[in-house]
Number of protein chains: 2
Amino acid sequence: MTTARRSDATRAAILEAARERFASDGYERATIRAIARDAGIDPSMVMRYFGNKEGLFAAASAIELELPELGALPSRHVGTALVTHFLDRWERDDVLTGLLRVGVTNATGAERMQAIFAEQLGPVALGVCPDPAEAPRRAALAASQILGMALARYVLHLPPAVELSRDEVIAWLGPTVQRYLTAEGP
Amino acid sequence: MTTARRSDATRAAILEAARERFASDGYERATIRAIARDAGIDPSMVMRYFGNKEGLFAAASAIELELPELGALPSRHVGTALVTHFLDRWERDDVLTGLLRVGVTNATGAERMQAIFAEQLGPVALGVCPDPAEAPRRAALAASQILGMALARYVLHLPPAVELSRDEVIAWLGPTVQRYLTAEGP
DNA sequence: AGCGTTGGTCAACGCTTGTTGGTCAACCTA
DNA sequence: TAGGTTGACCAACAAGCGTTGACCAACGCT
């Protein structure tokens, strides 16, 4: 095992500050100087450790959706399970919010978001979709609803969307996602 | 009637360039200098006509959703009608895309987006929702699906979402929005 | 023809940004 | 305890930003 270096704490502090700032300010307004200030170090350290701003963002937005194993649960509950999981994942930290914010204004961010959903939601769709050839579009439909709720609730802060309880969101969106993924046709 | 001033053409050119740049670059990266260059005039003219950058954005994102009259059509088709209308509206110009892009990174933009949907989608929900007290949350649910598809299709450019035909989007999303607005419960 | 008003350019300002290189203290190892 | 490696700071850079004010040209009225 590699022994812990003294700089690991600083690295981690920078990453944490970067995640918060990217999540709350977006790519352009999250300045390296502000991130460094939050982390309590000098801006030049950020460059030393991550090369440049884009490198910092890449490191800060490394993410696993950690989708649950689909085979374990009956496929008729996959919609509810997915919505529940994403709600949890979204509220655990601000990495996903940051990714969404950056994905909207930055081409690199958009590509990363594309890749994440293709690689991690795609297989789930493949497992439960009636026609495998249709899996990508089913996944895209499901993603549109999940991302849309995240947008309304965590980014735009539309009041009625924020006030919906966790269970209400699951109850409303679950069947929608279920239908998108498993229905024979529209 | 007020006679056309010489400057109207310039004003319009600035607004058009601003809409394009806000839509494709977001608020921060859409620089006044670039907008002025696109419009073929000096950056200082932008300040003269619109005061400052925020004023320019406010003018460039003045928008009417132009939602169809709800009373005219049977309420069981309101979902499909809404999705159709938004698809049209979104593809007509880039004002909505710009608003979405800016709303995600800019507080002013988010408030504007909130206001637009509350004022213009809210009444529609009030007209068709079984319990008037529930109208705002129903509208928020519908907005989440509509915005989510716009996000996936026009902003993030998720390939399967882009490749969906117009009619397919309507066929899939129509029933969802219909359910959100008119169902008795989840 | 003369003059105020309008539409426009130009050059500069103060500021912030990402980024760099030089310097210094703390640490580990021999 | 000496010396190299590591971690961090500081000051500065060039570029780009929003914004301002002085200046000029064309127009429309009388």
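Just so it is clear: chains get the letters A, B, ... in the order the sequence lines come, proteins before strands, and each one is counted from 1. Note: hydrogens, waters and symmetry copies are ignored here, and every other heavy atom, side chains too, is used.
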field: DNA chain D: 5'-most and 3'-most nucleotides touching chain A, 4.0 angstrom heavy-atom criterion
entry: D:dT6 to D:dA12
- prompt: Is A:Arg166 atom CZ crowded by more than 12 heavy atoms from other residues, nucleotides or ligands, each under 6.0 Å away?
  reply: yes
query: Considering only heavy atoms from C-beta outward, does the side chain of A:Ile116 approach that of A:Leu99 to under 4.5 Å?
result: yes
task: For A:Glu16, look at atom CD and say whether over 12 heavy atoms of other residues, nucleotides or ligands are found less than 6.0 Å away.
output: no
message: Using modelled atom types and a 3.5 Å cut-off, is there a donor and acceptor pairing between side-chain atoms of A:Arg101 and backbone atoms of A:Ala23?
response: yes
message: If you compare all heavy atoms of B:Leu156 against all heavy atoms of A:Gly103, which two are closest, and at what distance to 0.1 Å?
response: CD2-O, 3.5 Å
Check: A:Leu56 and A:Tyr49 side chains under 4.5 Å, non-hydrogen atoms: no
- prompt: Do A:Glu28 and B:Tyr27 have side-chain N/O donor and acceptor atoms under 3.5 Å apart?
  reply: no
message: Quiz question: by atom type and distance under 3.5 Å, do the side chains of A:Glu54 and A:Thr108 form a donor-acceptor pair?
response: yes
- request: Can you sort out which residues in residues 42-54 of chain B have a heavy atom within less than 4.0 Å of DNA chain C? Ascending by number, please.
  value: B:Asp42, B:Ser44, B:Met45, B:Arg48, B:Tyr49
- request: To the nearest 10°, let me know how far the axis at one end of the helix from C:dA1-D:dT30 to C:dA30-D:dT1 is tilted from the axis at the other, five pairs an end.
  value: 0°
task: Using modelled atom types only, decide if a donor and an acceptor are shared between the side chain of B:Lys53 and the backbone of B:Ala30 within a distance under 3.5 Å.
output: yes
field: Whole angstrom value for the distance that separates C1' of C:dG18 from CD1 of A:Ile32
entry: 6 Å
message: Donor-acceptor pair, distance only, cut-off 3.5 Å: does the side chain of A:Arg138 make one with the backbone of A:Ala125?
response: no
Which residue lies more 5' along DNA chain D, comparing B:Arg33 with A:Thr10 via nearest heavy atoms: A:Thr10
field: Atom pair distance, as rounded to whole Å: CG in A:Leu56 and C1' in C:dT17
entry: 15 Å
